[in-house]
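Index from 1, following the sequence. In this text the structure is predicted, and so the values were computed from the model without any measurement.
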Amino acid sequence: MALSARNNPRVIEPRLAPRFQAMLRTLPLPGGEPRTNERAEALLADAVEWKASDIHIEPGAEETRIRLRMDGLVHDVAAVPHASGAQLVAFFKTLSGIDATALAHPEHGHARLDVAGARLELRTTVAPTVDGEMVGVRLLDTSRPVRALDELGIAEADQKRLQAWPAMRTGLLVVCGPVGAGKTTTLYSLLHQLQSLPSSIVTVEDPVERRLDGITQIEVNSRRGLNFPEAIRAMLRMDPDFLLVGEIRDPASAQVAVTAAATGLAVLSTLHARDAVGAVAALRNQGLKNWEIGDALEMCMAQRLVRRLCLQCRTSAAPDDVEGAWFQAAGRVPPSLLWHPVGCDACAGTGFDSRIGLFELWHLDEIARQLILDGADGAALEKQAWRQGMVTLADDAMAKVTAGVISLSEVRALGGISHSAAGRKE
Ligand SMILES: [Zn+2]
């Protein structure tokens with residue numbers, strides 16, 4: 001898998017895995033047996049402390065790299081000899097219920113365990129590579145509370161619109177963005193605010209990432225023949241008030257979700273689309289008719305995740321020529337100060353502290369609905385959204401840059417959204 005350096009800068013940072021590195025320095029047990037279990041437990045504890053989303057054990061030509069993914073970026077924390085790496089791989093395979101023998105094909109496994117006060121769910125994938133088996137472990141900390149809507153970084157006016165949505169009890173709300181943009185987190189936050197309502201809430205997910213109290217959740221299982229459309233139809237027979245569909249990714253589930261939303265049910269879902277108005281094209285691509293989309297669609301939200309600057313060490317400076325030129329090209333006035341990451345002990349030298357969302361929320365009005373019925377293209381829909389005063393992803397990014405919450409470099413690394421800033425000039 002080729003990863004560009006820009007998307008995946010490699011940082012070797014000893015502060016990220018102090019327990020694991022200390023274990024690497026301890027002597028083997030009497031008899032020469034390495035302390036594999038203790039090493040793995042130390043690595044898990046390090047991962048929990050830094051809220052890492054994944055552990056990677058990747059054999060290379062020379063050695064095996066141990067890496068943690070934090071805030072979307074992979075950090076190298078250690079390199080060990082192949083034999084030690086293979087022992088760690090074996091540990092995670094056994095823990096996750098994967099056959100301990102050498103694999104011919106990638107395998108998946110699960111495990112649940114408590115580490116350093118966290119209740120972890122592990123989703124393990126093992127794949128044979130030319131240099132040996134590599135392991136990717138996705139860590140879900142189910143003891144962490146679901147984030148409230150006001151913790152995600154959504155502008156206050158948009159939060160109010162989202163909070164008003166459940167009262168309508170009808171229509172489709174979609175969250176758009178690429179993979180890893182935090183769409184599922186937003187859906188769970190939206191569900192969380194519904195939990196207090198006296199209503200019936202059902203979800204169809206692949207997989208269920210969080211168990212939510214008082215909500216009926218069903219997991220799609222293609223191996224056992226339970227697909228999205230079938231699961232949605234089954235849940236609709238439960239007579240719910242709210243339905244969450246993890247993702248609209250095929251014409252059949254698009255059809256059932258949209259029909260449900262048009263016939264008096266509130267439906268939440270996610271779509272793979274660049275921006276809020278892009279939801280319309282994405283639904284058309286799933287074979288839906290303009291009148292079906294116009295009838296059902298209520299709100300489209302788009303989002304990205306960017307790293308939040310560490311407040312302990314961030315530093316500010318007046319924009320330089322390159323930065324000034326960037327703002328000019330985007331048709332915006334640069335702020336007097338821009339903030340930059342530095343790195344300190346509090347952030348393990350990364351300069352960042354967790355991530356925050358960039359959001360845009362398009363609440364369709366009658367004009368927008370008519371445009372969809374008339375088959376209007378993305379550009380026409382975008383103009384309508386601007387006319388309605390939608391705060392765009394680029395607007396939201398600039399507000400957060402100006403406030404010193406994020407750095408301009410994070411926004412520039414996103415690429416796509418700077419265009420919408422430039423496009424808005426006319
Ligand atoms: Zn810091």
inquiry  = Would T263 and L265 count as a side-chain contact (heavy atoms from CB on, under 4.5 Å) here? Give the steps.
reply    = CA-CA 6 Å; T263 52; L265 185 68; 5.5 Å; no
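- The main-chain N or O of E209 is found under 3.5 Å from a side-chain atom of Y188 such that the two form a donor-acceptor pair.
- One N or O on the side chain of D46 and one on the backbone of R19 form a donor-acceptor pair closer than 3.5 Å.
- No donor-acceptor pair under 3.5 Å is formed between the side chain of S199 and the backbone N or O of D241.
- Shown here are the salt bridge (Lys or Arg N to Asp or Glu O under 4.0 Å) partners of E323, two or more places apart in sequence or in another chain: there are none.
- Distance check: S269 OG to F228 CZ gives 7.0 Å after rounding to the nearest 0.5 Å.
- With sequence neighbours excluded, the residues that form a side chain to side chain contact (heavy atoms under 4.5 Å, CB included) with P335 are F327, L338, T402.
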task = Check step by step if side-chain contact (heavy atoms from CB on, under 4.5 Å) holds for V202 and I215.
result = CA-CA 6 Å; V202 298; I215 293 180; over 6 Å; no
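- No donor-acceptor pair under 3.5 Å is formed between the side chain of E360 and the backbone N or O of M301.
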key: Verdict with reasoning, E107 to K93, per salt bridge (Lys or Arg N to Asp or Glu O under 4.0 Å)   = CA-CA 9 Å; E107 289 273 353; K93 280 169 78 176; over 6 Å; no
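- Between D141 and K51 no salt bridge is recorded (no basic side-chain N to carboxylate O distance below 4.0 Å).
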Can you give each donor-acceptor pair under 3.5 Å made by side-chain atoms of residues 165-177, sequence neighbours left out, with the distance rounded to 0.1 Å?
residue : atom : partner : partner atom : Å
T170    : OG1  : A261    : O            : 3.4

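- With salt bridges taken as basic N to acidic carboxylate O contacts below 4.0 Å, one links R123 and E121.
- What you find for L162 and M299 is that their closest heavy atoms are CD2-SD, 4.2 Å.
- At distances below 3.5 Å, at least one donor-acceptor pair connects side-chain atoms of Q303 with backbone N or O atoms of G182.
- A salt bridge links D206 to R249: one of the charged nitrogens lies within less than 4.0 Å of a carboxylate oxygen.
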task = Decide side-chain contact (heavy atoms from CB on, under 4.5 Å) for C310 and F352; before the verdict, give the C-alpha distance in whole Å, the side-chain angles of both, and the deciding distance to 0.1 Å.
result = CA-CA 4 Å; C310 172; F352 297 96; 5.7 Å; no
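- Residues passing the side chain to side chain contact (heavy atoms under 4.5 Å, CB included) test with R35, sequence neighbours excluded: M23, T26, L29, E38.
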task = Report the C-alpha distance between D76 and R67 in whole Å, list the side-chain angles of each, state the deciding distance to 0.1 Å, and finish with yes or no for salt bridge (Lys or Arg N to Asp or Glu O under 4.0 Å).
result = CA-CA 4 Å; D76 286 6; R67 319 173 86 188; 2.6 Å; yes
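- Side-chain contact between E41 and V115 is absent, with no heavy-atom pair separated by less than 4.5 Å.
- Across every non-hydrogen atom of L393 and R274, the tightest pair is CD1-O, 4.1 Å.
- With Q163 contributing its side chain and L149 its backbone, the two residues share no donor-acceptor pair below 3.5 Å.
- In this structure, H110 and L122 have side chains that are not in contact, with every pair of non-hydrogen atoms separated by 4.5 Å or more.
- One N or O on the side chain of Q195 and one on the backbone of D213 form a donor-acceptor pair closer than 3.5 Å.
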Trace of the side chain to side chain donor-acceptor pair (under 3.5 Å) decision for D374 with Q370 = CA-CA 6 Å; D374 295 342; Q370 190 59 49; 3.1 Å; yes
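- For L381 against A376, the heavy-atom pair with the smallest separation is CD1-O, 4.0 Å.
- Checked by atom type and distance alone, the side chain of E58 never pairs as donor or acceptor with a backbone atom of R65 at under 3.5 Å.
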task = Start with the C-alpha distance between V322 and R412, add both sets of side-chain angles, then the distance that settles side-chain contact (heavy atoms from CB on, under 4.5 Å), and finish with yes or no.
result = CA-CA 12 Å; V322 175; R412 293 176 67 181; 3.9 Å; yes
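- Using a 3.5 Å distance cut-off with no hydrogens or angles, the side chains of D365 and Q384 do pair a donor with an acceptor.
- A search for salt bridge (Lys or Arg N to Asp or Glu O under 4.0 Å) contacts involving R355 returns nothing, not counting sequence neighbours.
- The salt bridge (Lys or Arg N to Asp or Glu O under 4.0 Å) test applied to E156 returns no partner, not counting sequence neighbours.
- The side-chain hydrogen bond (donor to acceptor under 3.5 Å, both in side chains) test applied to T64 returns no partner, not counting sequence neighbours.
- One distance of note links CD of Q21 with CG of L16; it measures 8.5 Å at 0.5 Å rounding.
- Scanning both residues, C347 and C313, for their nearest heavy atoms gives SG-SG, 3.8 Å.
- For T125 and H108, the side-chain atoms include at least one donor-acceptor pair closer than 3.5 Å.
- Of all heavy-atom pairs spanning P59 and T129, the tightest one is CG-OG1, 4.0 Å.
- Salt-bridge annotation for D396 and K400: present, with a side-chain N of the basic residue lying under 4.0 Å from a carboxylate O of the acidic one.
- Contact of the L236 side chain with the L243 side chain is registered, since non-hydrogen atoms from C-beta on lie closer than 4.5 Å.
- Ion pairing between R369 and E366 holds under the 4.0 Å rule for side-chain N and carboxylate O.
- In this structure a side-chain-to-backbone donor-acceptor pair under 3.5 Å is present from T270 to G246.
- In this structure, the side chain to side chain contact (heavy atoms under 4.5 Å, CB included) partners of R119, at least two apart in sequence or on a different chain, are D114, T142, S143.
- Scanning all heavy atoms of the two residues, the minimum distance from S407 to W339 falls at CB-O, 3.4 Å.
- Expressed to the nearest 0.5 Å, how far CD1 of I356 lies from CG of D71 amounts to 12.0 Å.
- In this structure, L244 and V204 have side chains that are not in contact, with every pair of non-hydrogen atoms separated by 4.5 Å or more.
- Shown here are the side chain to side chain contact (heavy atoms under 4.5 Å, CB included) partners of S53, two or more places apart in sequence or in another chain: R69.
- Using a distance-only test at 3.5 Å, with no hydrogens or angles considered, no donor-acceptor pair links the side chain of D295 to the main chain of A262.
- Listed by first then second residue, pairs satisfying salt bridge (charged side-chain N to carboxylate O under 4.0 Å, His left out) with a partner in residues 189-202 number zero, not counting sequence neighbours.
- With sequence neighbours excluded, the residues that form a side-chain hydrogen bond (donor to acceptor under 3.5 Å, both in side chains) with Q255 are E292.
- Remark: R332 engages D395 in a salt bridge, criterion side-chain N to carboxylate O under 4.0 Å.
- For R138, the salt bridge (Lys or Arg N to Asp or Glu O under 4.0 Å) criterion is met by D54, not counting sequence neighbours.
- Annotation for I367: atom CD1 does not count as buried by contact number, only 12 or fewer foreign heavy atoms lying within 6.0 Å.
- Classification of K183 and E247 as a salt-bridged pair fails, no side-chain N sitting under 4.0 Å from a carboxylate O.
- Between L88 atom CG and L43 atom CG the span is 7.0 Å, to the nearest 0.5 Å.
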